[in-house]
Structure formats: C-alpha cells, structure tokens
Amino acid sequence: MAGKKIGILAMQGAFLEHQQALSRCGAEPVLVRTARDLEAVEGLIIPGGESTTIGKLMKIFGLDSLIIERVKEGMPIWGTCAGMILLAKEIADSQQPHLGLMDIKVKRNAYGRQVESFETDLEVEGIGQTRGVFIRAPYVEEVWGGTKILSTYLDKIIMVQEGNNMLATAFHPELTTELDVHKYFLAMA
Amino acid sequence: MEEKGTFKVKAGLAQMLKGGVIMDVTTAEQAKIAEEAGACAVMALERVPADIRAAGGIARMADPSIVMKIMESVTIPVMAKCRIGHFVEAQLLESLGVDYIDESEVLTPADDKYHVNKNIFKVPFVCGARNLGEALRRIGEGAAMIRTKGEPGTGNVIEAVRHIRMVNDEIRWVSNLPAEELMSAAKEMQAPYELVKEVARLKALPVVNFAAGGIATPADAALMMQLGCDGIFVGSGIFKSGDPMKRARAIVAATTYFNDAAILAEVSRDLGEAMVGIDISSIKPEDRMQDRGW
C-alpha cells in the first residue's frame, strides 16, 4: 500500500483529516478538485461534509460523470457520512444530485440534529472494534444485490461494502486517531 | 458506551463545514435559496447585520418561530445567534434544536464581563476572535469553532483580513517559542496556558477557524481562504446584493476553487450589484461591533 496515490474529493468538508490519515498509513494522498486531479489517482475517498453542497459542486464542475465512469471500471471508492449519501442509489425523501453507485438506500440526518450526534465503540466485520464518531449521521435503511453489511449499531446498518471496490461508512474514522478503516480501504485499492 | 455532546462531536461538525459557505438568512425562502446555491449551513436571523446596523437600538436573539421555520425548510445545519453572555438565549436555542450557536457581537452584548460558559452545553458554539488570545479564551470557555470578527454588515473585508493575519502571525510566533517561554506568552495574550501549549504543538488552532464580517464577493471569499481560513460566513453580502442566487453560487464555487484564478474570474462575471459597502473609518468607535466581547 505504500506510496499508493489515493484521491480525496476536495469540494467541501473534512478532506484534510482524510489526507492526514492516509499519510500516516504511508499512502500518497491527492486532493481532487478537477478532472486532471482525478486521472492521477488509483482510488478515491468522498469525505464527510454537506452532501447537498458536495453533490452540486461535483455536478457543476463535471466530476460526477467522471467518477461514475472510473468506479465502473473498478476504481476503489469509499464514502464517509456525506460520502455514503452520495454513493447511494436511493436517498430517502430527497432528489439531490448524487452518484448513485451502491445498492443501498440511505436516510439522511437519521439520528436527528447536532445535539443527537454521538461517539461510541463499534464492531466491524474484518476489522474488529473501532471508534465511531457520528455527526448528523445517516444510516442505511435497505441493502440489495450483492451489498454486504460490515457493521450495525443498535440494529441500524452503518457500514457496507459492495463488490471489491465500494465501501461506505456512516461514521467518521478520519476524526479518530485509529487507522484501521483507512487500512481496510487501502487493502481494497 | 454512547456519548453525546462531547467536544469531539461538537468540533467535528465544524470540521464537516470546512471548505463551505455559511449564509445568513431571515426567512424560509432565503434558506431554500441558500441550500439550493450550495451553502453548507445557514445562520437563522431576524435581520442581517447591515439592517441591524442601520436600525440601531438593541439587537436580540431572533424570534423562535423564525428559527423553527428555517429549520423546517432545509436539510443542512441551521445556526442561530445569541447575545454575548446571554446564556438563557443559548439555553432556549439549544432547546429548539439548532445545530450551532453563534455567541455573536452582531447582537447587543447582554453581559459586559462574562461570555457564556459554553462547556456545559450539548450544542456546539462558534465565537468571533480578533487575535489568538481572544480565540483561546473562547475555546477555553468551550467554543468548538472560531471565526474572525471582521466588521459585520459593512461589505468591507479589511477587518476580517486584519483578524486572520493577526491570529496566524501569533500562531507562528507561539509555534517557534521554546517551551519555557510559553507561560509568558500565555500571560501576555491573556490566554489559557494549556491551550497555548496545544497551539505550539499543533502549529494551528485546535478548532476550525472561519472568515466572517465583511465578505461580499467571490474574490473576498477566495482571499480569506488563501489567507488560511477554513471556510466562509457571508452575512449581508448575499441577500443585500442584486442577484442573491447567482452571487451565492459564485461564492460557494470560489470557496472550493480558491486557488484557481481562472475559475474565480469565470464565477465573478455578471453578478449584478454587490451590497453597498461602508468605510470602517466612517463608523463611530462605539458602533464598531468587533469591539464587543473581550
């Protein structure tokens, strides 16, 4: 995994936190804002942020179709929180622009407003125990096709994988000092 | 064990807002325009700062029904302002479920000595700062996000520029001090020693720092980003301009592509009239909002 060029979509949100985590894993992070930035990377992380903001900017600057194309060709992609929403084929009660790549239906702000945001310990298949920081977080209401559930918390689906190149988490591993989810993604890349 | 209201989740929401634009709105319709234009959050207000400045008198927390209507109309985070030191307005806003409280100098201060003890709230707070000492005093009280004070409602970016340059100069200064000089630095800045040590270690503030107070154009937003701000608050600049939707979209794009002059030039075209600006020297000292709070 050393030196692997991994992009972080840098439209809006917590992209610098992912950049630092990837560097600590020994990968080579690249902030992606243009088509040329995207060409240079072997994998992509869509960070937490506001999914409506990131989705609109991706569309206006033409990155959405390029990302969809790359992922269909096999490029690994991981969405955290807003990133999970943008990867979903279906978003409950919303027509916002998104990538629609994963066979999941997500519910936005599923735990409520900011005062309901929380952190807790999670069990993740293939990783073990990790810390989950949930900020106005979504969860997955439904999965279909070959999508695999990697973690649930209080009966809600909060981490999924589809095939060997698509990963989504409702929580923010980039806000903790733990690197296990980043390493899990780098192993896919 | 599940924990709510921790400093990590409070500061974490501010981290999710980075690289984005938070827009002042006074109605549900304006909030929807802001969301449609790509705002990462809105600030629910009764009047924008330019109108507060023009109206004079005592400016207070917005009517709860205005805040609630705005919360119902958008899916992005909603912030609201309380007066400096007015912890009951803060309690009330927390009970309404707002996502962030701005303890703001735009409103008339309610206490001439003490800011709100923000540590005891579950809802996170953002506060304005003109220099590192002020930023660290607010963080010491529990603020999970900092912004420049600038001079609100003027459409004049000079004060926000002064404040971010001052904070960054002082961070560079503290970062280069030997350990034995940090206590004196803390004394000089009137800042908590533990936080001064933290800044020296991180070579940065321990929380997100946004630009606020006088940003009116896409170029203003990009200037503040290039100077090292993490994101942008636009107060009067959008809904006091000729074409709010177009200007809002342009400022959002400029905040993402702050380093790309070609894109900045493109989005700055044909925006219609910007808000009318005010020269800082024409404001009487007692009317300067940035001098409220300590």
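Naming: A, B, ... by sequence-line order, numbering from 1 per chain.
Side-chain contact between A:Arg136 and B:Asp99 is present, with heavy atoms from C-beta onward closer than 4.5 Å. Counting heavy atoms from C-beta on, the side chains of A:Gln12 and B:Thr255 never come closer than 4.5 Å. Side-chain contact check for B:Glu36 versus A:Lys56: some heavy-atom pair is nearer than 4.5 Å.
Summarising the local packing, CZ of B:Phe239 is surrounded by more than 12 heavy atoms from other residues, nucleotides or ligands at distances under 6.0 Å. Counting heavy atoms of neighbouring residues, nucleotides and ligands inside a 6.0 Å radius, atom NZ of B:Lys197 exceeds 12 of them. Shown here is A:Lys89, whose NZ atom has more than 12 heavy atoms of other residues, nucleotides or ligands within 6.0 Å. Counting heavy atoms of neighbouring residues, nucleotides and ligands inside a 6.0 Å radius, atom CE of A:Met188 exceeds 12 of them.
Only the side chain of A:Leu154 comes within contact range of chain B, with at least one heavy atom under 4.5 Å from a heavy atom of that chain. There is no contact between B:Val21 and chain A, counting heavy-atom distances below 4.5 Å. At a 4.5 Å heavy-atom cutoff, A:Ala82 makes no contact with chain B through either its backbone or its side chain. Only the side chain of A:Val133 comes within less than 4.5 Å of a heavy atom of chain B; its backbone N, CA, C and O stay farther away. Using a 4.5 Å cut-off between heavy atoms, A:Gln96 makes no contact with chain B at all.
For B:Glu3 and A:Arg131, the salt-bridge test passes: some basic side-chain N is under 4.0 Å from an acidic carboxylate O.
Rounding to the nearest 0.5 angstrom, the gap separating the CZ atom in B:Phe7 from the CD atom in A:Glu119 is 12.0 Å. Here the CZ atom belonging to A:Phe118 is positioned 14.5 Å from the NZ atom belonging to B:Lys8, to the nearest 0.5 angstrom.
The two residues B:Ile76 and A:Arg113 make their nearest non-hydrogen contact at O-NH2, 4.3 Å. In terms of heavy atoms, B:Pro124 sits closest to A:Gln114 at CD-CG, 3.6 Å. Between B:Val9 and A:Ile135, the shortest heavy-atom distance links the atoms O-CD1, 4.0 Å.
Of the listed residues B:Gly97, B:Ala41, B:Gly5, B:Ala37, the one with more heavy-atom pairs under 4.5 angstrom with chain A than any other is B:Gly97. Note on B:Thr75, B:Asp260, B:Val123, B:Thr6: by heavy-atom pairs under 4.5 Å with chain A, the leading option is B:Thr75. Ranked by heavy-atom pairs shorter than 4.5 Å toward chain A, the options B:Gly38, B:Gly231, B:Gly20 are led by B:Gly38. The choice from A:Gly132, A:Ala14, A:Ser117 that makes the most heavy-atom pairs within less than 4.5 Å of chain B is A:Ser117. Residue with the most contacts toward chain A among B:Cys40, B:Pro77, B:Ala253: B:Pro77 (heavy-atom pairs, distance under 4.5 Å).
Interface with chain A: from residues 10-18 of chain B, residues B:Lys10, B:Gly12, B:Leu13, B:Gln15, B:Met16, B:Leu17, B:Lys18 qualify, criterion being any non-hydrogen pair under 4.5 Å.
Side-chain N or O atoms of B:Tyr257 include one that pairs as donor or acceptor with a backbone N or O of A:Arg33 at under 3.5 Å.
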